[in-house]
Enquirer: 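Here it is, the structure, as structure tokens.
Worth knowing before you read on, the calculation uses all heavy atoms, side chains too, and leaves out hydrogens, waters and symmetry mates. All chains are named by letter (A, B, ...) in the order of the sequence lines, taking the proteins before the strands, and each is independently numbered beginning at 1.
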Amino acid sequence: MTLEQLRAAVRRIPRGKVATYGDVAKAAGFPGAARQVVWALQKAGATLPWHRVVGAGGRIRLPGEAGFEQRARLASEGVKFQGEKIPMKQFAFDFRRRKASPAKASRTPG
DNA sequence: ACTGTGACGGGGC
DNA sequence: CGCCCCGCCACAG
């Protein structure tokens, strides 16, 4: 688990999309190493879009202010929240995909 | 080497 | 949805 691997994965997350720690770990080549993602993520600090990494189910795992900021950053990118979590079905980024899906333009998103 | 800890994830009740 | 348990890997004491 190296920072380069993490950056490579985290940086792949496009704006307006999010990925779970587990997904990032897998994408980085370390399936099951979600906890290590946290470790590397901290080491990397703001050198990457850390706010696009959330917990399973689209839940913000960052406590206090940091969590508040992450939520704000995501919202600023167009990521909607369903209560305290993000509707992953719609905002989860698929690393296997070469390009983000051209999300259909729903006239009644809700 | 052993134990405790963490921005985690999945399963069972 | 809350609670508990286990698996996972790397770091800190």
Enquirer: For A:Gln42, answer base if it contacts any base atom (sugar-phosphate contacts may also be present), sugar-phosphate if it contacts only those atoms, and nothing otherwise; contact means non-hydrogen atoms under 4.0 Å.
Expert: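 The answer is base, as A:Gln42 lies within the cut-off (heavy atoms under 4.0 Å) of a base atom.
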Enquirer: Can you check the A:Lys85 NZ to B:dA7 C1' distance for me, whole Å?
Expert: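 Roughly 18 Å, once rounded to whole Å.
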Enquirer: Just how far, in rounded Å, is P of B:dA7 from CZ of A:Phe68?
Expert: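 Those two atoms, CZ and P, are 20 Å apart.
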Enquirer: A:Arg61 CZ to B:dA7 C1': how many Å, rounded?
Expert: 8 Å
Enquirer: Could you state the CZ-P distance from A:Phe30 to B:dC8, rounded to the nearest angstrom?
Expert: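 Rounded to the whole Å, the gap is 19 Å.
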Enquirer: How close do A:Leu6 and A:Ala40 get, heavy atom to heavy atom, and via which atoms?
Expert: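 Result for this residue pair: CG-CB, 3.4 Å.
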Enquirer: Between A:Trp39 and A:Gly22, just flag the one whose closest nucleotide in DNA chain B comes earlier from the 5' side.
Expert: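 Its nucleotide being nearer the 5' end, the pick is A:Trp39.
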Enquirer: How many whole angstroms separate atom CG of A:Leu6 from atom P of C:dC11?
Expert: 12 Å
Enquirer: Go through the structure and list residues passing side chain to side chain donor-acceptor pair (under 3.5 Å) with A:Arg15, not counting sequence neighbours.
Expert: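 Side chain to side chain donor-acceptor pair (under 3.5 Å) check on A:Arg15 returns nothing, list empty.
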Enquirer: Do any N or O atoms from the side chain of A:Gln70 and from the backbone of A:Glu65 form a donor-acceptor pair under 3.5 angstrom?
Expert: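 Between the backbone of A:Glu65 and the side chain of A:Gln70 there is no qualifying donor-acceptor contact (under 3.5 Å).
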Enquirer: For A:Arg35 and C:dC9, what is the distance between atoms CZ and C1' respectively, to the nearest whole Å?
Expert: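 About 8 Å, once rounded to whole Å.
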Enquirer: Any base atoms under 4.0 Å from A:Ala33, or only sugar-phosphate, or nothing? Heavy atoms, all strands.
Expert: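 Here A:Ala33 touches no strand at all.
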Enquirer: Rounded to the nearest Å, what distance is computed from the CD1 atom of residue A:Ile13 to the P atom of nucleotide B:dA7?
Expert: 18 Å
Enquirer: Taking only Lys NZ, Arg NE, NH1 and NH2, and the carboxylate oxygens of Asp or Glu, determine whether A:Arg73 and A:Glu77 approach each other closer than 4.0 Å.
Expert: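 No, A:Arg73 and A:Glu77 are not salt-bridged.
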Enquirer: In whole angstrom, what separates A:Leu41's CG from B:dC8's P?
Expert: 11 Å
